[in-house]
Structure formats: structure tokens, C-alpha cells
Enquirer: 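Below: one structure in C-alpha cells.
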Protein chains: 2
Amino acid sequence: MKETNKEPIRFAVIAADTVVFTYNDGKLLVRLTKVDRPPFFVDTKGLPGGLINPSETAEDASRRHVEDKAGIAASKLYAEQLYTFSRVDRDPRGRVVAVAYLALVPWEKLSKEEQSNSATAWWSPVVSAKKLAYDHNEVLSFATKRLRSRITYTTVLAKLLPREFTLTEFENMYGAILSANLDKRNFRKKVLKLGIVSPVTGKFTGGRFRPAQLYKFISTDVKEIEVI
Amino acid sequence: MKETNKEPIRFAVIAADTVVFTYNDGKLLVRLTKVDRPPFFVDTKGLPGGLINPSETAEDASRRHVEDKAGIAASKLYAEQLYTFSRVDRDPRGRVVAVAYLALVPWEKLSKEEQSNSATAWWSPVVSAKKLAYDHNEVLSFATKRLRSRITYTTVLAKLLPREFTLTEFENMYGAILSANLDKRNFRKKVLKLGIVSPVTGKFTGGRFRPAQLYKFISTDVKEIEVI
DNA sequence: GCAAAAGTGTTTGGCATACACCCATGA
DNA sequence: TCATGGGTGTATGCCAAACACTTTTGC
């Protein structure tokens, strides 16, 4: 990966970068890490990622770097391959092709440590994740668009919601990611008619107001559906 | 890329493989090339592809190999990135990660040479493209599914139809790729209501029977649509 | 009893589906 | 005139969208 002056680059090398999304307090968040790679990137930030070992797949590498650099247990994540970025100048230090992954994790599934921010890894609202290293703004933008698109025709949002949730939570998360205002009655009718969720009988939220019925996804697999 | 006994593999190398589809005589065709790489692959067949140079993008490499190995002018193709295949054992000769592309070209746009079959490159019906080298059956299957899916919600079929076509040709191609039987009246109503095609005024097919109106796509860009 | 969120039904219009016959042409 | 493919309309049912009030709870 090092570009020395002595020997020319023979081959491009391969990296895996991962966009880890979660959702908390009404906002879509992305996990960022500190990037400090002089001379080009000094004390800046980017997505967790790194090179692929000869003995691991791109997805293995994505998971390894998420654990090591972002401090999130990969076993808690749902991940899909996003896109492979191969612009020749995307890494000024040498020729690196990056396989990018889109990963989702419910906030409630994270440990206290994983939820928290440190000097080397932290959660940032997607809207304020600017000036990232490499081509990571492009990767993040790609991932955000893909997520927006996927939630409208798959059950992938199940991977961002807690195991049990209210229909209002579902609707708010869906609407926040799309920046759309939804009709409560129509949203509920659609979701229920699709048959993708079932009420957890007898379980309701607590709190100051009228309790809400809890639901869960019937299947844990991400499926294509007709249109939410 | 060579795996010698002398030095261990340092890095994976990157290749680009391309699934080039065309459509002729009622059948979806894929371009195959001869593969002869002893000791593992002797006189067998596969998708056109090869390594990425340090100075080119994955898409550049895809186009270059399509020209060199498949004998098709890349400028005639429409291409989309498909998926990156990184299974450790996908190439028995060493560690190769492959960025796969899905490319489309109308049969009518091909030259006589490009339409024809040689000992090193030929068109095969997708259904009979079996026993390909490497993981190319998996790649082809992935590409076929993606194509089937994309034609239902984008205008990508414009890249497989000739510039001017009849609605019957459109319908037949659409139905053949999906293996679906379509209702002629409903198909026409939908396509016309979507506003993606316009009649070429005054142009009709010749032939033995009643002439058919020719249409063209209004836009040459591939767009997402509501549902064909 | 009040503040806050949960939960519920109806009307309307548009679209998908199913379905069968006449038209234009060349041989 | 016949064989072949081109071209058209209607009825039905479902679904999306618009829209406002009542219920339940904790304080």
C-alpha cells in the first residue's frame, strides 16, 4: 500500500470501508473514526475501514475494521455490500480500491461503550458529517441514498429498529430517514396489511401517556416487499 | 497474480469481469470467452475479464477487457457496476477480488463481426451458459437476477432495445427476460401512460403483415420509474 | 381535568387486471 | 380471401390518499 519512490506500484490494493448507521433521538447517525495519516490527512475523520488481508473476504475485512477502529461488535450489525469505489486518485497515498459496506444496528442493541463517543470513534448525525477523508463523503452520500431507497421496498428497517417497537416509532424512523411527513392512519394500514409485523400480545410501552402496543417483525430476514 | 512457491501472497489483486447481455431471436444472450489457464482451467469458458491496471478504474478495466477478450466495442455498451466478489477461493490460482459489471447492448448496434461467434468469443443463450470457470456461474446468475429486477422499475431496457422499436418488440423482450406472459393491451396502456416512449411519427415496420408503429425512448438516460 | 400521545374509518379517485374482436397488409 | 400480426375499450376490484376525532394514561 505504501507508495515509495523506489519501486513503482505493481498492483492496486484493496480496502473495505463501512458506513455504520444507527438511529437515536430522531436522527440518523453514522460512526466516524479519527484519521491521522500524514502528510495528506492530519487529525481529520473518516469512515472505519482498512486493507483486506489475503486470507479474508471483503466482508470479513469490513467487520474486522469496524471492531478495531469503530469499536462496535460486528456480530451486532446487519451489513450489505454497497459499491466498489475505484477512482485512481481516491487515496492520495497510493492506489487503493475500496469495497464499501452499508451496515445497520439498532441503538438499543449497542452497549454503553458502543453508544458513547471517544476521541477516536464517535457517532455523528449524517447531516453534519462533512469534510471526511479520502472519498468518504461520496461513500456516505451513496450509502444514505441507498438506505433511503431500500427502506421503501424492503424490510431492511427491521435492522435499525429495536426488536420490539411501536408503530409510531416505526413511522417516525421511516419518515425521518426519508424526510417525509406520513399520515399516521395510512402508514398503520399499510404496514399491517403487508403482514410484516405482528403485535407482541400483552406488551405495551410505559410512560406518562397512553401506553402503545409493541410490535415485532415476523421474519428477521430482509425481504423485498411491494411498497411501503 | 501469479502464485509461485517462492514468495507468499502479499496482497489480493483486483480484476474486473463483465457480463455483456444482448437480445436476439427471442433469447437473452451473454458473451462468453475461451479460458485456458492450466493447470486449473483447460479449454473451458468464462466471462470476459482480467486484472485492473494501477492507472485505471475498475470500469476502465471492464471496458478494456471486453474489447480485447470479447471483441465488442466498449463504446457501444451501457454498463452498471454489479457486485464485488471476494471469496478467498474464487480463483484457485491466487487471491483475486473481482469487481463485476453488467453491460447491455442492442443486437442491432453490433457489427457483423461483433454479432458473430469465433473460437475465442461467442454469444450463448443465458440458459445454456453452464460450467463456467472461476465463480462465473455465480456472477452470471447474479447479473441475470439484477437485470430481471431492474427492468421492472427502471428504463434500463432502453439499453437493450434498438433505437426504434415496436411495442410488440418491447413487450416480447420484457416478457422473455422475466419469463412472464403479459397482456398486450395492459402492457401498452402502462408503457404509454408512463410517458417514457413516443411514437416516431410516420415510421412503421415493413414486412408481410400489417405495419407496426415504431417508438423510441424519450430520454436516453436510465431512470427509476414507478413500476412497469 | 388537562396535557400528551395512541388509536381508529370512510370517501374518493386512480390504477391494475381480466377479457375478445376488428384492422391492415402481402401473398 | 386468407393468414398473420397490429391495434383497441370496458368493467371490476383494490389500493393509495386525504382527512379529524375519541381514548387512555400520568400528573
Side-chain angles (χ1 to χ4, degrees), chain A residues 23-26 149 151-155 157 161-162 164-176 178-216 224-228, chain B residues 23-26 149 151-155 157 161-162 164-176 178-216 224-228:
Chain A
Y23 181 91
N24 187 42
D25 195 23
S149 161
I151 64 173
T152 66
Y153 69 96
T154 71
T155 57
L157 210 54
L161 281 163
E164 300 183 348
F165 51 88
T166 67
L167 293 186
T168 300
E169 286 171 336
F170 191 170
E171 181 190 343
N172 288 343
M173 191 180 288
Y174 189 90
L178 291 181
S179 308
N181 276 24
L182 304 170
D183 181 275
K184 179 160 59 164
R185 281 167 292 188
N186 291 337
F187 185 84
R188 281 159 190 252
K189 269 183 291 184
K190 267 185 271 188
V191 167
L192 293 174
K193 178 149 42 72
L194 285 171
I196 55 178
V197 300
S198 67
V200 185
T201 46
K203 286 194 89 175
F204 296 85
T205 49
R208 189 154 87 270
F209 310 118
R210 174 173 175 176
Q213 173 70 54
L214 287 171
Y215 288 81
K216 60 182 170 59
E224 307 218 345
I225 51 179
E226 287 313 299
V227 160
I228 255 190
Chain B
Y23 181 92
N24 188 41
D25 195 25
S149 160
I151 64 173
T152 66
Y153 69 95
T154 71
T155 57
L157 209 54
L161 281 163
E164 300 184 347
F165 52 87
T166 67
L167 294 185
T168 300
E169 287 171 336
F170 190 170
E171 182 190 344
N172 288 342
M173 190 180 288
Y174 189 90
L178 291 182
S179 308
N181 276 23
L182 305 169
D183 181 275
K184 180 162 58 164
R185 281 168 292 189
N186 292 337
F187 185 83
R188 282 160 189 252
K189 267 183 294 185
K190 266 185 272 188
V191 167
L192 293 175
K193 179 150 40 73
L194 285 172
I196 56 177
V197 300
S198 67
V200 184
T201 47
K203 287 193 89 175
F204 296 86
T205 50
R208 190 154 85 270
F209 312 119
R210 174 173 175 176
Q213 173 70 53
L214 288 171
Y215 288 82
K216 61 183 172 57
E224 307 218 345
I225 51 181
E226 287 313 300
V227 160
I228 255 193

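Predicted model, so just to flag it, every value in this text is computed and none were measured. Computed over heavy atoms, backbone and side chain alike; hydrogens, waters and symmetry mates excluded. In what follows, every chain begins at residue 1, and chains take the letters A, B, ... in the order their sequences are listed.
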Enquirer: Can you identify which nucleotide, out of D/dG6, D/dG9, C/dA6, has its nearest atom closest to the B/Arg185 side chain?
Expert: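 In terms of side-chain proximity for B/Arg185, the closest of D/dG6, D/dG9, C/dA6 is D/dG9.
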Enquirer: I want to verify a distance call: between D/dG7, C/dA6, D/dC19, whose nearest atom is closest to the A/Asn186 side chain?
Expert: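 Given the options D/dG7, C/dA6, D/dC19, the side chain of A/Asn186 is closest to D/dC19.
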Enquirer: Where the side chain of A/Arg210 is defined as all heavy atoms beyond and including C-beta, which of D/dT25, D/dG26, C/dT25 is the nearest nucleotide?
Expert: D/dT25
Enquirer: Which is true for B/Lys193 with a 4.0 Å heavy-atom rule: it touches a base, it touches only sugar-phosphate, or it touches nothing?
Expert: sugar-phosphate
Enquirer: A/Glu171 has an atom CD; how far is it from atom C1' of C/dA5, in whole Å?
Expert: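 Rounded to whole Å, this separation is 12 Å.
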Enquirer: Under 3.5 Å, is there a donor on one side chain and an acceptor on the other for B/Arg210 and B/Thr205?
Expert: no
Enquirer: Among the nucleotides C/dT8, C/dA27, D/dT25, which one has an atom lying closest to any side-chain atom of A/Phe209?
Expert: D/dT25
Enquirer: B/Lys184 side chain: which of D/dG7, D/dT25, C/dT25 is closest?
Expert: D/dG7
Enquirer: Which sits closer to the 5' end of DNA chain D, A/Lys189 or B/Gln213, going by the nucleotide each is nearest to?
Expert: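 Looking at DNA chain D, the more 5' nearest nucleotide goes with B/Gln213.
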Enquirer: Nearest whole Å is fine: how far is D/dC14 C1' from A/Leu194 CG?
Expert: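 Checked: the CG to C1' distance equals 14 Å.
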Enquirer: Calculate the interatomic distance between A/Lys190 atom NZ and D/dC14 atom P; express it in whole Å.
Expert: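 A/Lys190 atom NZ is separated from D/dC14 atom P by 18 Å.
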Enquirer: How is B/Thr168 classified with respect to the nucleic acid when contacts are heavy atoms under 4.0 Å: base, sugar-phosphate, or nothing?
Expert: sugar-phosphate
Enquirer: Within this structure, what is the CZ-to-P distance between A/Phe187 and D/dA18, rounded to whole angstrom?
Expert: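 Value for this atom pair: 16 Å.
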Enquirer: Look at the aromatic rings of A/Phe165 and A/Phe170 and report parallel, tilted or perpendicular, splitting at 30° and 60°.
Expert: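 The rings of A/Phe165 and A/Phe170 stand perpendicular, inter-plane angle above 60°.
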Enquirer: May I have the distance from A/Glu169 (atom CD) to C/dA5 (atom P), rounded to whole angstrom?
Expert: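 Rounded to whole Å, this separation is 13 Å.
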Enquirer: Could you tell me the separation between the OH atom of B/Tyr215 and the CZ atom of B/Arg188, rounded to the nearest 0.5 Å?
Expert: 7.0 Å
Enquirer: Measure the distance from CG on B/Leu214 to P on D/dG5 and round it to the nearest whole Å.
Expert: 17 Å
Enquirer: What's the spacing between B/Phe187 CZ and B/Tyr174 OH if we round to 0.5 Å?
Expert: 7.0 Å
Enquirer: Between P on D/dT8 and CG on B/Asp183, what's the gap in Å once rounded to a whole number?
Expert: 14 Å
Enquirer: Starting from P on C/dA18, measure out to CZ on B/Arg188 and report it in whole angstrom.
Expert: 18 Å
Enquirer: Could you walk me through whether A/Thr166 and A/Phe204 satisfy the side chain to side chain contact (heavy atoms under 4.5 Å, CB included) test, starting with their C-alpha distance in whole Å, then the side-chain angles of each, then the deciding distance to 0.1 Å, before giving a yes or no?
Expert: CA-CA 8 Å; A/Thr166 67; A/Phe204 296 85; over 6 Å; no
